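Working notes, beginning with the structure itself.
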Amino acid sequence: MNYHRFDCIIVGAGGAGLMAALESSKRVGTAVVSKLYPTRSHTGAAQGGIAAALANLEHDSWENHAYDTIKGGDFLVDQTAAEILCREAVECIYDLEHMGLPFDRTAEGRISQRRFGGHTKPNPNYDPTAAPGTEAAKPRLPVMRACHAADRTGHMILQTLYQQCIKQGVTFFDEFHMLDLIMVDGECRGIVAIEIATGELHVFHAKSVMLATGGFGRMFKVSSNAYALTGDGPAIAYRHGIPLQDMEFYQFHPTGIYRLGILLSEACRGDGGVMFNGKGERFMEVYAPNLKDLASRDVCSRSIYQEVRAGRGVDGKDYVYLDIRAETINKYKTSPTGGTVDSAWVEKRLPDIIDFARTYLGVDPIKEPMPIQPTAHYAMGGLPTNLNGQVLRDSQGDPVPGLFSAGESACVSVHGANRLGTNSLVDLVVYGRRTGRSMAAYALDREFKELPSNPEGPTKSSIDSLLARPRSEPWVKLRDEMQATMMDDCGVYRTEESLTRARDKIANLKERYKSVGVSDKGSVFNTGLLEVLELGCLLDLSEATVAGALARQESRGGHSREDFPDRDDSRFFAHSLIWRAGDNQANVTYKPVDIVMIEKDGEQVPKYPLEIRKY
Ligand SMILES: Cc1cc2nc3c(=O)[nH]c(=O)nc-3n(C[C@H](O)[C@H](O)[C@H](O)COP(=O)(O)OP(=O)(O)OC[C@H]3O[C@@H](n4cnc5c(N)ncnc54)[C@H](O)[C@@H]3O)c2cc1C
């Protein structure tokens, strides 16, 4: 048996995992296990920016940021967690700067910031009696809060954190794929992983284990997510009886490249880009009269669907245009400063986006608009955690001893029903850091506990039986059917009927999955085997997502039920917890949202009173 022992084992080398590793390795032995080479993690694909109220270009405050985050999440956000996020964001950005992250700069040498959807400040000249459409009639105005390195912010964060981890002596197991958690009496004592190059199993014995395995957008047909985003961490925990939180809230980003889903960052609109329907109308004026193209993502994605349904897609098809030409930005006066810009400015601000469009679409965005459609982008739900990254096993807040999570695999919950752009990267660094600290403290407090005999046994027998199976149906067919079902029946819009269909279909796919085989029976780089195992994870998470969506009979944030079009705070102002109950069955329970109270006129009142979300 290949046996390794570390105080802390971190599964995942994206922003969340690396930030945690940097912190925990200051105090205890730490290893990072990653199925990808670390700098290939999806964090490296993040484009537009990372939010923090630095107030480098205009007045801003962490309180403004917290309000926007809570409203953006349609009030399903845990408010203490959001306040911590927005307060600690500022310090984290300076930490990253001191680590050497090459942010873009203002003329004065400060970190540059840009606008992003849903990030606002109060309008000092607001007048509720002003004529609609005028500047004074807008209660809030866009604010420049997204720190960025051109449109390659995530790449720079990932490279910076990786370099720091190497400098600090963190041990890396690259291209090791975690297949199971070692759980004893409800406590996590390590993981089992397969070394991709050799097919050998390895046992990692630990006091603290962190799941930082990122998102699971590959359950949908059109997605911005990399192929490796298959939700292994949450799926494996779910199989061990740990609940998943708020899975019905999956974000569709409005501007994916038509049919391919490749992301065209919201920075396009932050920097002045405008969306048009097939009739050349700036349709966001109708759906979000104040913030227009800078409304939150769920609002923009639904608006695109509405336009397409009304026959106003381009050429009657299911896409619209995103236009970032300098002449358009000048015509609509949407540049961040309100002044005029030229093509060279656009090229400098959005170099990768322009490159993607030229390469994948054959369209030059300097000269023509780009065809776009909503693309599955971000999981608001995931493993429930407390403020220190401990995974929770029930609605009372009891932690699973030894198990931690942060980043997209976790749900702390700072994004509620809809995440604002640039709030994921900041979640990674703020909660990655907190989790790293708490894992180290947990490990320092404890001795290693014994592992069961033969801890890799169950993993070995399931791989052996998969390899021994004769090839029946191709697994790729199952994956395609799952992705089409989730896209069509559990996508931007949902109904009881579509979700019931999705539930039955996923159950059917899970049955068929039991007999799929793989053609490669070898042990060296058997990627076919690993993809089948990843598909198993996606099927489990699809089951949980559909169960959450079916149970939530309201529309809130990224979850839009056509049969229940309104938000229903009397019944559903609560987080869902989704539990595996037998082979093809998931149960749903609810737990309250955390609310911050303040004193006003001698009374305790909510600091962020519920309001109907308008942009
Ligand atoms: C195209 C794109 C652009 C984005 N732009 C922005 C942006 O501008 N601003 C913003 O705030 N957010 C953005 N996001 C969202 C943000 O990038 C992600 O939510 C975030 O990077 C997730 O980080 P993470 O550390 O949780 O996981 P990831 O960076 O996805 O890393 C996951 C890690 O887990 C490892 N792993 C997974 N499964 C296993 C396993 N079984 N065994 C071992 N290792 C495993 C992988 O190897 C990888 O290292 C964007 C997302 C996309 C897809």
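Note that these values count all heavy atoms, side chains included, but never hydrogens, waters or copies made by symmetry. In this text the structure is predicted, and so the values were computed from the model without any measurement. Read the numbers this way: they start at 1 and go in the same order the structure lists the ligands and their atoms.
Around atom 53 (C) of ligand 1, the closest heavy atom drawn from Q251, H42, E408 belongs to H42.
Between Y250 and H559, the ring centre distance reaches or exceeds 6.0 Å. F252 and Y378 have their aromatic ring centers separated by at least 6.0 angstrom.
Looking at atom 27 (O) of ligand 1, its nearest protein heavy atom turns out to be G214 CA, 3.3 Å. From the protein, the heavy atom lying nearest to atom 47 (O) of ligand 1 is S34 OG, 2.8 Å. The single protein non-hydrogen atom nearest to atom 13 (C) of ligand 1 is A46 CB, 3.8 Å, given as residue, atom name and distance. At the top of the distance list for atom 21 (O) of ligand 1, counting protein heavy atoms only, stands T43 OG1, 2.8 Å. At the shortest separation from atom 36 (N) of ligand 1 among protein heavy atoms lies K35 CG, 3.9 Å. For atom 10 (C) of ligand 1, the nearest protein heavy atom (residue, atom name, distance) is L425 CG, 3.3 Å.
By the side chain to side chain contact (heavy atoms under 4.5 Å, CB included) test, P38 pairs with A13, Y162, F172, D174, sequence neighbours left out.
Donor-acceptor pairing under 3.5 Å is recorded for the side chains of E195 and H202. Side-chain polar atoms of D427 and H415 form a donor-acceptor pair below 3.5 angstrom.
One finds no salt bridge joining R349 and D151 here, because no Lys/Arg side-chain nitrogen approaches an Asp/Glu carboxylate oxygen to under 4.0 Å. A salt bridge between D540 and R239 is present, with a side-chain N of the basic residue lying under 4.0 Å from a carboxylate O of the acidic one.
Counting the atoms of ligand 1 from 1 in the order shown, those under 4.0 Å from a heavy atom of V11 are 42 (N), 43 (C), 44 (N). Ligand-side atoms of ligand 1 in range of A16: 25 (O), range being under 4.0 angstrom from any heavy atom. Per-residue contacts place F176 under 4.0 angstrom from the following atoms of ligand 1 (heavy atoms of the residue considered): 42 (N), 43 (C). Taking every non-hydrogen atom of V33 and a distance limit under 4.0 Å, the qualifying atoms of ligand 1 come out as 43 (C), 44 (N).
Ligand 1 does not have R40 within reach: every non-hydrogen atom of the residue lies 4.0 Å or more from it. Using a 4.0 Å cutoff on heavy atoms, S265 does not count as a contact of ligand 1. The closest approach between G49 and ligand 1 falls below 4.0 Å for a heavy atom of the residue. Within the structure, the closest approach of R419 to ligand 1 falls below 4.0 Å when heavy atoms are considered. Under the 4.0 angstrom criterion for non-hydrogen atoms, L428 is in contact with ligand 1. For the pair T153 and ligand 1, no heavy-atom separation below 4.0 Å is found. Contact between S224 and ligand 1 is present, with at least one heavy atom of the residue lying under 4.0 Å from the ligand. The shortest separation from a heavy atom of G15 to ligand 1 is under 4.0 Å, placing the residue in contact.
Relative orientation of the Y319 and Y258 rings is tilted, given thresholds of 30° and 60° on the angle between their planes.
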query: Under the ring pair (Phe, Tyr, Trp, His ring centres under 6.0 Å) criterion, do H205 and F6 qualify, and how do the steps go?
result: CA-CA 6 Å; H205 189 185; F6 289 87; over 10 Å; no
field: Pair F204-Y3, ring pair (Phe, Tyr, Trp, His ring centres under 6.0 Å): steps then yes or no
entry: CA-CA 6 Å; F204 292 85; Y3 173 83; 9.2 Å; no
